[in-house]
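Here is the structure we will look at.
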Number of protein chains: 2
Amino acid sequence: MQQPTEGELAILQVLWATGPSTVRTVNEALNARSKREIGYTTTLKLMQLMADKGLVSRDTSKRTHVYAAQLPEEKAQRNLLRKFVDTTFGGSASQLVLRALGEGDASAEELAEIKRMIQSLENKRQHD
Amino acid sequence: MQQPTEGELAILQVLWATGPSTVRTVNEALNARSKREIGYTTTLKLMQLMADKGLVSRDTSKRTHVYAAQLPEEKAQRNLLRKFVDTTFGGSASQLVLRALGEGDASAEELAEIKRMIQSLENKRQHD
DNA sequence: TGCATTTTACGAATCGTTTCGTAGACAAAG
DNA sequence: CTTTGTCTACGAAACGATTCGTAAAATGCA
């Protein structure tokens with residue numbers, strides 16, 4: 001499965017958040033979150049291309065087609081994360097983590113969850 | 001200061017890693033880490049454009065010009081990280097951190113450093 | 001001096017992505 | 001039945017980024 005472009009990713013975000021949707025729904029969601037107005041047929045075309053690539057499926061049984069994400073959000077995030085770590089943190093995930101935490105927008109509970117995550121990783125290491 | 005494109009970022013990586021460099025040095029470094037052969041004049045052109053934008057400075061006192069990154073690595077990382085968190089993790093930095101840790105390529109020391117980071121963040125919260 | 005090499009400069013071609021205009025099918029409402 | 005609006009399909013324009021060919025200047029060497 002090919003990687004989504006930036007525009008495709010924006011559409012996938014909508015589909016992930018709201019589930020299977022029509023072009024109109026997606027287009028309105030995109031325009032809700034951006035100053036720049038995106039034309040309806042632009043969104044349509046992009047979603048058609050995504051269907052060709054297999055990034056989304058579409059139900060054409062009704063006149064108004066319904067699209068659904070085919071690429072799972074987690075998988076996309078893992079792929080993009082790997083590339084991002086490579087290209088902007090020279091492959092060091094922990095450097096990225098430190099920088100991300102440094103931005104300071106993680107809540108107390110989130111910090112706690114991250115600590116739990118680290119704990120479980122360290123436990124796992126014990127057993128190797 | 002404008003954001004670097006992907007190609008520009010690859011060049012900045014070299015400059016950050018090895019300090020001020022000539023076009024040839026950068027071009028060879030790029031080609032060392034990629035199957036796809038990048039032509040010399042391609043790298044040259046890109047670096048000239050970067051100089052125009054102010055992403056790099058250049059010393060033209062000698063015939064062979066020497067380029068230096070103007071955008072600090074940390075700043076670039078912060079900017080790109082913010083955008084990345086928005087576009088692929090819906091703005092949730094901690095989601096990204098969890099996913100990054102889950103990849104499991106952080107060493108024991110790195111985990112320890114991350115724990116320290118969290119500790120210091122939590123201490124700071126106490127005082128607010 | 002003359003030849004080969006290396007460099008900068010720069011216009012233009014190419015390429016992938018995004019955007020849009022237009023046409024035709026269909027549906028709903030009067 | 002006709003009008004109006006919404007939908008898909010699709011070609012092509014527009015755009016930004018990258019790549020390259022070529023020329024001219026400088027350098028080094030035989």
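Below, read A as the first sequence line, B as the second, and so on, with proteins coming before strands; counting in each chain starts at 1. As the structure is a computational prediction, the values presented were derived from the model and not from experiment.
Taking the ring centre of Phe89(A) as origin, the terminal cationic atom of Arg99(A) falls outside the region bounded by 6.0 Å and 45° from the ring axis.
Placement of Leu98(B) and Phe84(A) within a single hydrophobic cluster is found when ILVMFWY residues are connected by side-chain heavy-atom separations under 4.5 Å, directly or transitively. Side-chain heavy atoms closer than 4.5 Å link hydrophobic residues (I, L, V, M, F, W, Y) into clusters, and following such links, possibly through other members, connects Leu55(B) to Ile38(B).
Computed from coordinates, the Leu46(A) CG to dC20(C) P distance equals 12 Å when rounded to whole Å. The CG-P distance, from Asp52(B) to dC10(C), rounds to 10 Å in whole Å. A straight line from CE of Met50(A) to C1' of dT17(C) spans 13 Å, rounded to a whole angstrom. Taking atom CD on Gln48(A) and atom P on dT18(C), their separation rounds to 15 Å, with Å as the unit. For the pair Met47(B) CE and dA9(C) C1', the interatomic distance rounds to 15 Å; values are reported in whole Å. Atom pair Leu30(A):CG and dT18(C):P shows a separation of 12 Å (rounding to whole Å applied). Rounding to whole angstrom units, CG of residue Leu44(A) and P of dG21(C) are separated by 14 Å. Taking atom CG on Asn27(A) and atom C1' on dT18(C), their separation rounds to 14 Å, with Å as the unit.
With a heavy-atom cut-off of 4.0 Å to chain B, the contacted part of DNA chain D has its first and last nucleotide at dA17(D) to dT27(D).
What you find for Ala68(A) and Leu15(A) is that their closest heavy atoms are C-CD1, 4.2 Å. Nearest heavy atoms, Glu8(B) versus Thr5(B): OE1-N, 2.8 Å.
His65(B) has its side chain out of reach of Thr22(B): every pair of non-hydrogen atoms, C-beta onward, lies at least 4.5 Å apart. Side-chain contact check for Lys83(B) versus Gln3(B): every heavy-atom pair is 4.5 Å or farther apart.
Judged purely by atom type and a 3.5 angstrom limit, Gln126(A) has no side-chain atom pairing as donor or acceptor with the backbone of Asn123(A).
Looking at heavy-atom distances under 4.0 Å, Glu6(A) makes contact with sugar-phosphate atoms alone, never a base.
Side-chain atoms of Lys45(A) lie closest to dC20(C) of the nucleotides dT8(C), dC20(C), dG11(C).
Contact check, Thr5(A) against dT17(C): no side-chain N or O comes under 4.0 Å of OP1 or OP2.
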note = Once base and sugar-phosphate atoms are separated, protein heavy atoms under 4.0 Å mark nucleotides 23-30 of chain C, 5' to 3', with B, S and - as --BBS---
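Salt-bridge annotation for Lys115(A) and Glu110(A): absent, with no side-chain N of the basic residue lying under 4.0 Å from a carboxylate O of the acidic one.
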